[in-house]
Amino acid sequence: MDIRVEKDTMGEIQVPADKYWGAQTQRSKQNFEIGTEKMPYEVITGFAILKRSAAIVNESLGKLHKDKAEAIVTACEEIIEGKLTNHFPLVVWQTGSGTQSNMNVNEVVARRGNEILQEKGKEMTIHPNDDVNMSQSSNDTFPTAMHIAGVIAVYNKLMPAIEKLSGTLDQKVKQFSDVVKIGRTHLQDATPITLGQEISGWAHMLHQTKEMIGQAASYMKNLAIGGTAVGTGINAHPEFGERVAREISHYTKQDFLSSVNKFHSLTSHDETVYAHGALKALAGNLMKIANDVRWLASGPRCGIGEITIPENEPGSSIMPGKVNPTQSEAITMVAVQVMGNDAAIGFAASQGNFELNVFKPVIIYNFLQSVQLLSDSITSFHDHCVIGIEANLPVIEGYLNDSLMLVTALNPHIGYENAAKIAKLAHKEGLTLKEAAVQLDLLTEEQFDQYVNPEEMTYPKG
C-alpha cells in the first residue's frame with residue numbers, strides 16, 4: 001500500500017495516500033501566518049459545538065454512519081474541554097471567510113475521530129470534508145461559530161461581571177443614602193445631592209446597559225448554518241439548519257435559531273455590529289464611572305477628596321507615598337480599546353461583496369477581545385477599587401457648607417436676581433451665604449436657616 005507521511009495540525013501522520021487529508025491546514029499555517037494573534041479559542045469551541053451538532057443531525061437524517069457520528073461527537077467534546085488546544089495554530093489574519101480555521105477544525109476532529117474508531121476496532125475512516133464538514137461550507141460555519149462564541153462569551157463572562165459590579169454599587173447607594181454633598185455640573189459647584197444618589201446614577205447605567213447588551217446579543221442567536229456556500233443550502237438537507245440550531249440550543253442552553261434568510265447571514269454582520277454597539281455603550285459608561293471615581297478621590301490633600309479608594313500599590317517611581325488611581329486608569333484604557341474595536345468591527349462589517357462578507361475573522365477577534373477586556377477590567381475594578389470606596393465626611397461637609405450654590409434654595413422666596421446678589425457678594429468678600437443675605441438686608445438669619453436646608457434640597461418638594 002502506498003503510504004504517505006505528512007504533517008497536519010496534529011503532527012506527523014501515516015495514512016494511505018488516497019485517504020490523505022490535512023494538507024490545507026499545514027499550507028495555511030505556512031503561507032498565511034501574519035502576526036501572532038491566534039484565532040480565539042472561543043471560536044474553535046464554537047466550531048466544535050457546531051460540528052458536534054451537525055454530526056448528530058446528519059446521523060439522524062441517515063446521512064452519516066452512527067459510529068462516525070459518535071466519534072466526531074467525542075472528538076468535538078474533547079476540543080470543547082480544552083484537551084486539543086495545541087492543534088489550532090492558525091492566526092486571525094487568514095482568508096476573510098475563515099476557511100483555513102474551518103478546515104483546521106475539520107482535520108483535527110477527523111484525525112481524533114479516526115483514533116477513536118481505531119481504538120474501538122472500527123474499520124472505517126472519517127474524512128474531514130465528506131464527514132465532519134458534511135452539509136456545510138466555511139461560508140456558513142464560520143459565521144455560525146462566530147455567533148456561538150460571541151453569545152456564550154457575553155452571557156458567561158460579561159454578564160456576571162456587570163452583575164457583580166452593579167450589585168456592589170447598589171449596596172453603596174444604600175450605605176451613602178444620608179451623606180449629603182455638593183453636586184457638580186460643568187466641573188462647577190451645583191446644588192446638593194447625596195453620595196448615594198450620585199452612585200445610583202452609576203448603578204443604573206450598568207443595569208440598563210446590561211439589558212441593552214442582552215437585547216442586542218439576542219440578534220446574534222440567529223445562525224447562518226444551513227446556507228452552505230452562497231445561502232441556497234446546496235448539498236444540505238432542507239431541515240439541516242433548523243435541526244442543527246435546535247441541537248446547539250439544547251447543548252448550550254441558549255436559544256439559537258436558524259436564520260430566516262441565509263443570504264443575509266452569510267454576507268452581513270449587522271447583528272454583531274449592533275451587539276458590539278451595546279458593548280461600546282458599556283465602555284462609555286465605565287469611562288464616566290471610573291473618571292468620577294478618580295476625580296472624587298483626587299488628592300489626598302490638594303484635590304476633591306470626597307471619597308477614598310483602596311491604596312493598592314505605590315503609583316510613583318520618584319514620589320514616595322504617592323498612590324495613583326490605577327484601577328480607574330486601567331478600565332478607562334479598556335474603554336478606549338473597546339471604542340477602537342467598535343470602529344474596526346463596523347468597517348469590517350461593511351465589506352460584504354455579493355454573497356459573502358470576507359472580513360469575518362477580524363470581526364469576531366475584536367468582538368471577543370472587547371468582551372474579555374470588559375469582563376476582566378470590570379472584575380478588577382470591582383475587587384480592587386469599588387468595593388473599598390468610603391466617604392470622606394469631613395471633606396464632604398466642608399465643601400457643602402462653603403458652596404455658593406445653596407443659594408438656589410432662595411429663588412422661590414426672594415427671586416433669582418436677589419439670590420444672585422447674595423452669591424456674588426459672598427464670593428467677592430469671602431462671606432458665608434447667610435452673612436451676605438443679612439448684610440444685603442434680604443433675609444434674617446432665622447429666615448435663611450428656614451429656607452436653606454441642604455438635606456431637603458436633595459429631595460425637593462413641589
Side-chain angles (χ1 to χ4, degrees), residues 9 24-25 27-48 50 88-105 137-154 157-158 213 216-217 219-220 222-225 227 229 259 264-283 333-376:
T9 56
Q24 183 161 349
T25 295
R27 286 197 301 271
S28 299
K29 185 175 186 300
Q30 292 171 347
N31 298 338
F32 295 95
E33 190 162 349
I34 306 170
T36 59
E37 297 88 351
K38 293 290 182 66
M39 183 63 66
Y41 200 75
E42 295 93 333
V43 176
I44 303 304
T45 299
F47 264 117
L50 167 59
F88 300 96
L90 302 184
V91 296
V92 171
W93 320 110
Q94 55 177 274
T95 182
S97 63
T99 300
Q100 281 82 19
S101 284
N102 181 42
M103 281 306 302
N104 189 174
V105 175
S137 162
S138 297
N139 296 350
D140 68 344
T141 59
F142 198 92
T144 298
M146 287 172 63
H147 281 205
I148 295 171
V151 168
I152 291 175
V154 165
K157 294 180 181 177
L158 185 56
I213 291 171
Y219 287 96
M220 291 184 69
N222 293 308
L223 302 181
I225 194 65
S259 177
H264 164 268
S265 58
L266 267 62
T267 197
S268 172
H269 288 295
D270 50 7
E271 297 142 327
T272 306
V273 173
Y274 185 48
H276 196 275
L279 300 186
K280 182 174 69 172
L282 172 62
M333 285 193 289
V334 164
V336 169
Q337 182 65 52
V338 171
M339 292 174 187
N341 287 350
D342 191 73
I345 288 171
F347 186 79
S350 73
Q351 302 305 299
N353 301 114
F354 304 115
E355 278 62 63
L356 188 67
N357 174 285
V358 290
F359 281 61
K360 299 182 192 297
V362 74
I363 291 174
I364 192 59
Y365 173 72
N366 281 281
F367 185 92
L368 292 174
Q369 185 192 60
S370 291
V371 172
Q372 186 69 55
L373 287 173
L374 288 167
S375 303
D376 291 348

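None of the values given here were measured: they were computed from a predicted structure. All values below were derived from every heavy atom in this structure, side-chain atoms included, with hydrogens, water molecules and symmetry-related copies excluded.
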Distance-minimising heavy-atom pair for [X] and [Y]:
X: A278; Y: A216; value: CB-CB, 4.1 Å
X: P40; Y: V92; value: CD-CG2, 4.2 Å
X: P361; Y: G96; value: CD-O, 3.1 Å
X: F88; Y: K38; value: O-CD, 4.5 Å
X: A224; Y: P143; value: CB-CG, 3.8 Å
X: I148; Y: G46; value: CD1-O, 3.7 Å

Answer whether the closest heavy-atom distance between the side chains of [X] and [Y] falls below 4.5 Å.
X: L158; Y: L279; value: yes
X: F367; Y: M220; value: yes
X: L356; Y: S97; value: yes
X: K157; Y: E42; value: yes

Rounded to the nearest 0.5 Å, how far does [atom2] of [Y] lie from [atom1] of [X]?
X: L374; Y: L282; atom1: CG; atom2: CG; result: 5.0 Å
X: W93; Y: Q100; atom1: CH2; atom2: CD; result: 14.5 Å
X: M39; Y: F142; atom1: CE; atom2: CZ; result: 4.0 Å
X: T141; Y: L223; atom1: OG1; atom2: CG; result: 11.5 Å
X: N222; Y: T144; atom1: CG; atom2: OG1; result: 10.5 Å
X: N102; Y: Q94; atom1: CG; atom2: CD; result: 9.5 Å

Non-neighbouring partners of [X] that pass side chain to side chain donor-acceptor pair (under 3.5 Å), sequence neighbours left out:
X: D270; result: H264, S268
X: T272; result: none
X: N366; result: none

Could you list the donor-acceptor pairs under 3.5 angstrom formed between side-chain atoms of residues 344-353 and any protein atom two or more places apart in sequence or on another chain?
| residue | atom | partner | partner atom | Å |
| --- | --- | --- | --- | --- |
| S350 | OG | F347 | O | 2.5 |

Any donor-acceptor N/O pair, K360 side chain to L266 backbone, under 3.5 Å: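 Side chain of K360 to backbone of L266, a donor-acceptor pair under 3.5 Å: yes, one is there.
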Pairs touching residues 333-359 that satisfy salt bridge (Lys or Arg N to Asp or Glu O under 4.0 Å), sequence neighbours left out: K280-D342
Only counting residues at least two apart or in another chain, list the ones meeting side chain to side chain contact (heavy atoms under 4.5 Å, CB included) with A335. A283, M287
Can Q337 and N341 be counted as having a side-chain donor-acceptor contact under 3.5 angstrom? yes
